[in-house]
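These numbers come from a predicted model, not from an experiment. Just so we're on the same page: letters track the sequence lines, and every chain starts at 1.
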There are 2 protein chains.
Amino acid sequence: MDELESAAWLSLVGLTELLPPSLDAQLQTDAQLTHFEFQVLSTLRFAPEQTVQSKDLAASTNSTLPRLSHVVTRLEQRGLVRKLPCPTDRRATNVQLSDDGRRIVIRATGGHIDHVRRLVIDRLDRDELAALAKIGTTLNRALDPSDRFARHIRDAD
Amino acid sequence: MDELESAAWLSLVGLTELLPPSLDAQLQTDAQLTHFEFQVLSTLRFAPEQTVQSKDLAASTNSTLPRLSHVVTRLEQRGLVRKLPCPTDRRATNVQLSDDGRRIVIRATGGHIDHVRRLVIDRLDRDELAALAKIGTTLNRALDPSDRFARHIRDAD
DNA sequence: TCGACTTGGTTGTCGCTGCAACTAAGTTAG
DNA sequence: CTAACTTAGTTGCAGCGACAACCAAGTCGA
């Protein structure tokens, strides 16, 4: 690897190690949510009926079904979501945002966006944002060929 | 957030969620190492005497001292590193790469670099690499003002 | 229509990391 | 010199995520 390749790679590794803890910390102190929980709630918030089937929720949040199952169980215990049996497929469960959950996620979103702006968006100019979007898309496609991820936060983030 | 900002942000979040598992998976199957363990061993490999003090090793690998302590304990049990008392400060411990550890990390490096190339480097042109390096540096500085991270893999990665 | 296979989901266990508490060694002010 | 403080490191516990095993429901072929 030459200088440029190495610099690009190291900076990318740095990002993947530093960014997630920063997001978790902000959301944890401001809203008692992990970033993953926030993603789950945000996805539900913008879904029709505030309801999404577990399998699809897992795909949207780029998680596995076991992981989601655990998290949804905890969120349900906190009263932020409900689990409903799916009427058309009795194996499936639909996850629905509760009123409490809706209030929580709405209140959390503002501060989270502020944080993302201060940390990332506002530090890059338009050209850099465009470059990042393009590079990110390319690499995400390589990392996740099924490309199921991340069509969710959209209006939230 | 407008379209461009949102696209950049989502692609960045995607990267931070997809890249680390990919690195861990490759290193785990090819060398029975987590990416973090690989970083530790790589750092030691290029240090004078193959030895680094725990505190500095923690800083170089962007980890906390407790985390490093646990990992070094495991690596020592596997015979890949040694813990030596520091001669000049009796509180400190120096971590040294063993011969086995050296062989392991050297054997692991080639495959790891191949993986990184296939996944990232080879998918970007020179302009994109330069943009990524610049953006990454900017954001890393925002995320980690002390900037202690990532002066290590250098020749390895 | 019945057996084999697939799909949706849950549960249990294990391993790793964060955090707080703690020990030990070094440093500094009086 | 010694009491207060800081620094280096370890340990124990708790929480989360991966994985495998499992159950239940749906599908499909003969």
Side-chain angles (χ1 to χ4, degrees), chain A residues 16-29 32-40 51-78 81-96 146 148-149, chain B residues 16-29 32-40 51-78 80-96 146 148:
Chain A
T16 66
E17 296 186 354
L18 296 174
L19 192 50
S22 170
L23 302 181
D24 279 327
Q26 180 269 319
L27 283 164
Q28 197 65 59
T29 63
Q32 287 70 254
L33 293 172
T34 63
H35 184 236
F36 180 65
E37 288 167 340
F38 176 77
Q39 286 178 307
V40 168
T51 303
V52 178
Q53 191 176 333
S54 287
K55 160 182 64 97
D56 300 324
L57 192 52
S60 303
T61 54
N62 190 38
S63 93
T64 58
L65 221 25
R67 181 185 182 189
L68 182 70
S69 179
H70 283 133
V71 170
V72 166
T73 300
R74 288 171 222 146
L75 289 175
E76 189 179 35
Q77 282 162 2
R78 294 166 63 182
V81 304
R82 267 186 296 279
K83 280 191 279 195
L84 307 172
C86 172
T88 67
D89 184 341
R90 289 188 313 180
R91 294 170 299 177
T93 48
N94 288 337
V95 182
Q96 183 175 45
S146 64
R148 52 193 191 156
F149 177 50
Chain B
T16 65
E17 297 186 353
L18 296 174
L19 192 50
S22 170
L23 302 181
D24 279 326
Q26 180 269 319
L27 283 164
Q28 197 63 59
T29 62
Q32 288 71 254
L33 294 173
T34 63
H35 184 236
F36 179 66
E37 289 167 340
F38 176 76
Q39 286 178 307
V40 167
T51 303
V52 179
Q53 192 176 332
S54 287
K55 160 183 65 94
D56 301 323
L57 191 52
S60 303
T61 55
N62 190 37
S63 94
T64 59
L65 221 26
R67 180 185 182 189
L68 182 70
S69 179
H70 283 132
V71 170
V72 165
T73 299
R74 288 170 223 145
L75 290 175
E76 189 179 34
Q77 282 162 2
R78 295 165 64 182
L80 306 187
V81 304
R82 268 185 296 279
K83 280 191 278 196
L84 308 171
C86 171
T88 68
D89 184 342
R90 290 188 311 181
R91 295 170 300 179
T93 47
N94 288 337
V95 182
Q96 182 175 45
S146 63
R148 49 190 193 159

If you compare every side-chain N and O of [X] against the phosphate oxygens of [N] (OP1, OP2), does one of them come in below 4.0 Å?
X	N	answer
A:Arg90	D:dG26	yes
B:Gln28	D:dA18	no
B:Arg67	C:dC16	no

field: Any donor-acceptor N or O pair under 3.5 Å, side chains A:Thr16, B:Thr16
entry: no
In whole angstrom, what separates [X]'s [atom1] from [N]'s [atom2]?
X	N	atom1	atom2	answer
B:Gln77	D:dT10	CD	P	13 Å
B:Leu18	D:dA18	CG	P	12 Å
B:His35	C:dC16	NE2	P	16 Å
B:Glu37	C:dT17	CD	P	8 Å
B:Gln39	C:dT17	CD	C1'	15 Å
B:Arg91	C:dA25	CZ	P	10 Å
A:Leu33	D:dG15	CG	P	16 Å
B:Asn94	D:dT10	CG	P	11 Å

message: For B:Ser69, is there any backbone N or O sitting under 3.5 Å from a side-chain donor or acceptor partner on B:Thr73?
response: yes
Rounded to the nearest 0.5 Å, how far does [atom2] of [Y] lie from [atom1] of [X]?
X	Y	atom1	atom2	answer
B:Leu23	B:Leu33	CG	CG	12.5 Å
B:Gln96	B:Leu80	CD	CG	13.0 Å
A:Asn94	A:Lys55	CG	NZ	10.5 Å

B:Gln53 side chain, from C-beta outward: closest of C:dC16, C:dG26, D:dG9: D:dG9
statement: Of the listed C:dG26, C:dG18, D:dA25, the closest approach to the B:Thr64 side chain comes from C:dG18
Listed partners of A:Thr34 passing side-chain contact (heavy atoms from CB on, under 4.5 Å), at least two apart: A:Asp24, A:Gln28, A:Phe36, A:Glu37
Contact list (N/O, under 3.5 angstrom) for nucleotides 10-13 of chain C vs protein:
from, atom 1, to, atom 2, distance (Å)
C:dT10, OP2, A:Ser69, OG, 3.0

Pairs meeting criterion salt bridge (Lys or Arg N to Asp or Glu O under 4.0 Å) with involvement of residues 83-96 of chain A, two or more places apart: A:Glu76-A:Lys83, A:Asp89-A:Arg91
